[in-house]
Amino acid sequence: MEEQAEELRELMANKAEVRQRVTDSGHKTRIIAVTSGKGGVGKTNISVNMAIAYAQLGKKVILVDADLGMANVNVLLNVVPQYNLMQVINKQKTMKEIILDTEFGIKFIASANGFSKIANLNVDELDYFAKQFCSLNDADIIIIDTGAGIANNVLQFVAAVDEVYIVTTPEPTAITDAYGMIKIITTEVTDHEVAMKLIVNRVHSSDEGRRISERIINIVGQFLNYKVEYLGFVYDDSIVTASVIRQKPFIILNPSSKPALCVKHIVGRIEKTILPENANVDNFLKKFSKGFLGKKH
């Protein structure tokens, strides 16, 4: 019994040391979740190209494929990961051990495609996963590409970050699902303020992007009494399809294409946003470990 107590004290001391080291570093890390109300709106493509745009600014970027069950970031990057989040969840590998360097200047953490277990993580597994984020505290930005919809693991990430970027398209179903996602986040997910921002993908004009965003923003303001910001749009362009087929991000395939310029503009707007004082991996860990809280009414 005394031996177990000693092991417990040592474990708690190690956790405290790791937390203190992260806190004392003073390094700020922007951690964002890119999500959507429905699949097929181009969320992952935007996440990948945003990550590369950030790297081109000289930032240390880690892209996390957190689409737990239907992962495809590795396909867009044309990499074959040897290890993925399944090994982390099973405590076979640490987060640092599964990070991949890519030819595009970003680091990448792969998800586990097709594993039903990782799409339904229990509390202990989620807690361990969160603690592994402590080792990523030297990044300037961590972009988390979540799954689509309102599965528990998606809401877990959304509740832990300070910024959530919701991707939609002009399609009525995508608009409806984007509103539904925002409603869940504002009413059920978290007890702290989350900066939610809209990205309208596959538009044919800037006016269309603004019109779609204003419709969602007005409805959210009227019925949810919540302010959502319009972050920008991405043009519908054949270069996007070509980039997927060639497994090379469109910001690399054609840096001067309309979608590439749109993504660069979006990243430029993000960079003008002042980070909160507690924008770091430790703060993410604390919120993630609590899970999505559910607002008390």
Side-chain angles (χ1 to χ4, degrees), residues 31-48 50 64-73 111 116 118-121 126 143-204 207-234 236 266 270 284 287-288 290-297:
I31 305 177
I32 65 173
V34 182
T35 192
S36 62
K38 70 184 292 291
V41 298
K43 167 185 58 63
T44 298
N45 224 326
I46 287 177
S47 297
V48 168
M50 276 179 53
V64 181
D65 190 346
D67 192 342
L68 309 181
M70 293 297 290
N72 55 18
V73 169
S111 187
S116 59
I118 203 168
N120 298 279
L121 306 181
L126 284 167
I143 297 177
I144 302 171
D145 179 44
T146 78
I150 57 173
N152 283 358
N153 50 55
V154 173
L155 301 181
Q156 193 86 24
F157 288 109
V158 168
V161 300
D162 293 313
E163 299 172 88
V164 179
Y165 301 161
I166 298 171
V167 179
T168 187
T169 68
E171 296 177 5
T173 51
I175 295 170
T176 300
D177 288 344
Y179 171 76
M181 188 70 175
I182 295 168
K183 183 177 180 180
I184 290 292
I185 294 171
T186 57
T187 60
E188 303 294 337
V189 172
T190 179
D191 65 349
H192 65 278
E193 191 76 7
V194 175
M196 280 190 285
K197 303 179 183 183
L198 280 173
I199 298 175
V200 186
N201 193 26
R202 298 177 188 155
V203 305
H204 296 94
D207 287 342
E208 183 179 32
R210 188 165 297 280
R211 187 173 66 251
I212 297 300
S213 66
E214 286 177 353
R215 184 189 309 176
I216 297 173
I217 289 169
N218 290 337
I219 294 174
V220 169
Q222 180 180 354
F223 292 102
L224 303 178
N225 193 30
Y226 203 91
K227 184 178 180 181
V228 176
E229 181 182 338
Y230 176 44
L231 190 57
F233 67 91
V234 178
D236 188 16
I266 287 170
I270 297 169
F284 171 89
K287 290 184 290 185
F288 192 98
K290 289 195 299 184
F292 64 93
L293 303 171
K295 287 191 173 181
K296 304 295 188 294
H297 298 284

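Contact annotation: the side chain of Pro170 approaches that of Ile212 to within less than 4.5 Å [non-hydrogen atoms, C-beta and beyond]. Contact annotation: the side chain of Val228 never approaches that of Tyr179 to less than 4.5 Å [non-hydrogen atoms, C-beta and beyond]. Contact of the Val161 side chain with the Ile32 side chain is not registered, since no non-hydrogen atoms from C-beta on lie closer than 4.5 Å. Proximity of Met50 to Ile199: side-chain heavy atoms (C-beta onward) are separated by under 4.5 Å at one or more points. Between Thr176 and Lys38 the shortest side-chain heavy-atom distance does not fall below 4.5 Å. Under the 4.5 Å side-chain criterion, counting only non-hydrogen atoms from C-beta, Ile46 is in contact with Val234.
Val200 approaches Gly209 most closely through the heavy-atom pair CG2-O, 3.7 Å. For the residue pair Val154 and Gly149, the shortest heavy atom distance occurs at CG1-O, 3.4 Å. Counting all heavy atoms, side chain and backbone alike, Ala148 lies closest to Gly39 at CB-N, 3.5 Å.
For the atom pair CG of Asp67 and NZ of Lys43, the computed distance is 5.0 Å after rounding to the nearest 0.5 Å. The CD1 atom of Ile216 lies 8.5 Å from the CD1 atom of Ile166; values are rounded to the nearest 0.5 Å. Atoms CE and OG1, from Met196 and Thr35 in turn, are 11.0 Å apart once rounded to the nearest 0.5 Å. Here the straight-line distance linking atom CZ of Phe233 with atom CZ of Arg210 works out to 8.5 Å at 0.5 Å rounding. Taken from CG in Asp65 to CD1 in Ile144, the straight-line distance is 11.0 Å, to the nearest 0.5 Å.
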In a table with atom names and distances, give each donor-acceptor pair under 3.5 Å that connects a side chain of residues 217-224 to protein atoms at least two apart or in another chain.
{"unit_1": "Asn218", "atom_1": "ND2", "unit_2": "Glu214", "atom_2": "O", "d": "3.1"}

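Of the listed residues (Val48, Val34, Ile31), just one forms a side-chain contact (heavy atoms from CB on, under 4.5 Å) with Ile143, and that residue is Val34.
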Walk me through it: do Val41 and Val167 pass the test side chain to side chain contact (heavy atoms under 4.5 Å, CB included)?
CA-CA 7 Å; Val41 298; Val167 179; 3.9 Å; yes
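Listed by first and then second residue, the ring pair (Phe, Tyr, Trp, His ring centres under 6.0 Å) pairs that reach into residues 152-178 are Phe129-Phe157, Phe157-Phe288, sequence neighbours excluded. For the side chain to side chain donor-acceptor pair (under 3.5 Å) condition, no pair includes a residue of residues 166-175, sequence neighbours left out.
A side-chain N or O of Thr44 and one of Asp145 form a donor-acceptor pair less than 3.5 Å apart.
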